[in-house]
Amino acid sequence: MSETLAFPRSTRVSQMQPSSTLAVVQAALRLRAAGIEIIDLGAGEPDFPTPDHIKRAAHAALQEDFTRYTPASGIKELKEAIIERLAEDYGIDYSPAQVMATAGGKQAIFNAIVTLINPGDEVLIPSPYWVTFPEIVAFAGGQSVFIDTEPTDFQLTVDSLEAHLTPRAKLLILNSPCNPTGRTIPPERFRQLVEKAVEHGLYVMSDECYREFVYPPMKPFCAGQLPPELRSRVLIVGTLSKTYAMTGWRLGYALGPEPWITEMIKVQSHSTSNPNSITQKAAIAALRGPQEPLIGMLEEYERRRDFLIPALNDIPGVSCLWPEGAFYAFPDIRGVLERSSLNSSIEVQRRLLEEYHVAVTAGAAFGSDGHLRISYANSLEALEKGVERLRAFVERLS
Ligand SMILES: Cc1ncc(COP(=O)(O)O)c(C=O)c1O
């Protein structure tokens, strides 16, 4: 028996699946290491470099030997910078005790779920969903209850939310703009959904990691703009990963009810402690510095989206809704599957990578096997090539 199989994994961890989105990245890297040119439409991260003024702040922090432990929830100046940014962008007000910095949005989500969910509690998750949500819910012993949004064009409705509420439901997760669909909940619908959840005694976690990535005429919306009686049940998760092209730096944050944040800080203080000290200084520069780099990135993503969606819809058997935010397209490929011997999006993902050297992510990873997730956080040139190869692949199948 191999050493791995003999390892007596805990029950919780043996139920956890490795991150399938990261798995695509690894598979693509392996091929690349073998000298093969890969069109990477799998990665969920900006293809832009971190802006220079942010990098300079990190250099300065190193020079100043800002290299020691900080408070587990981040330094005061960083919390103030997070609060100021949200105040300026959304006219909302949070106190430092309602804020914590984390090692990426992912850690904020982990802290939030494990501090709220007991074994048997239900967590309502609109589907398709970001892969990590149900894994953390299961890790906490909770039960994910998926709400299929496909019949309503990937938009969660108040009626379908209501139909899934049970006395055991404790948390609703909203993710707008959504990874993987790019669909974005309009503010009024957002309010109605939170109102319904709160009416039934639920808490809400609003994953706003793509909050700034919405395209006109949509405008960014933050759950902090909700009326106070709703806001007091809502935890906001944000990140600098996407907004400032800082995925590797690892800086996210949570804002919400003070008692919830207090428990989350307790968990963090016994797990990772503070987010990286240098990154915290860089994050202050990102939040307080010029916001123009983001505008440039947004315009570029919009240009790519405007190319990608019509190009996908032009491939026989493929149909794709128009994403209002994030940088993902989520085309329906059931028309392709039906006309071929392929049974699942995972097979399409594997064959596209191996035979056509295009990395995409199977919809199955997000709870929707009839789809693919295509990231347009890559150059227009790469997108053009990727679509061309996808078309060639589909045409060969039929
Ligand atoms: C929906 C969603 N939430 C949270 C995250 C976490 O990002 P990070 O931990 O890099 O801040 C991601 C990253 O891909 C995401 O797609």
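Whatever order the structure lists them in is the order used to number ligands and atoms, beginning at 1. Keep in mind it's a predicted model, so treat the numbers as computed, not measured.
Note: Y301 and Y215 fail the aromatic proximity criterion, with ring centroids not under 6.0 Å apart. In this structure, Y244 has its ring center no closer than 6.0 Å to that of H53.
Salt bridge E354/R351: absent, no basic N to carboxylate O contact under 4.0 Å. Salt bridge D47/R304: present, at least one basic N to carboxylate O contact under 4.0 Å.
A donor-acceptor contact shorter than 3.5 Å links the side chain of D332 to the backbone of R334.
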For ligand 1, list every N/O pair with the protein closer than 3.5 Å, one pair per line with the distance.
unit_1, atom_1, unit_2, atom_2, d
ligand 1, 3 (N), D207, OD1, 3.4
ligand 1, 3 (N), D207, OD2, 2.5
ligand 1, 9 (O), G105, N, 3.2
ligand 1, 9 (O), K106, N, 3.0
ligand 1, 9 (O), R250, NH2, 2.7
ligand 1, 10 (O), S241, OG, 2.8
ligand 1, 10 (O), R250, NH1, 2.8
ligand 1, 11 (O), G105, N, 2.6
ligand 1, 11 (O), T239, OG1, 2.5
ligand 1, 11 (O), S241, OG, 3.1
ligand 1, 14 (O), K242, NZ, 2.7
ligand 1, 16 (O), W130, NE1, 3.4
ligand 1, 16 (O), N179, ND2, 2.7
ligand 1, 16 (O), Y210, OH, 2.7

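Taking the ring-ring contact (aromatic ring centres under 6.0 Å, His included) definition, one finds that Y94 meets it with nothing, sequence neighbours left out.
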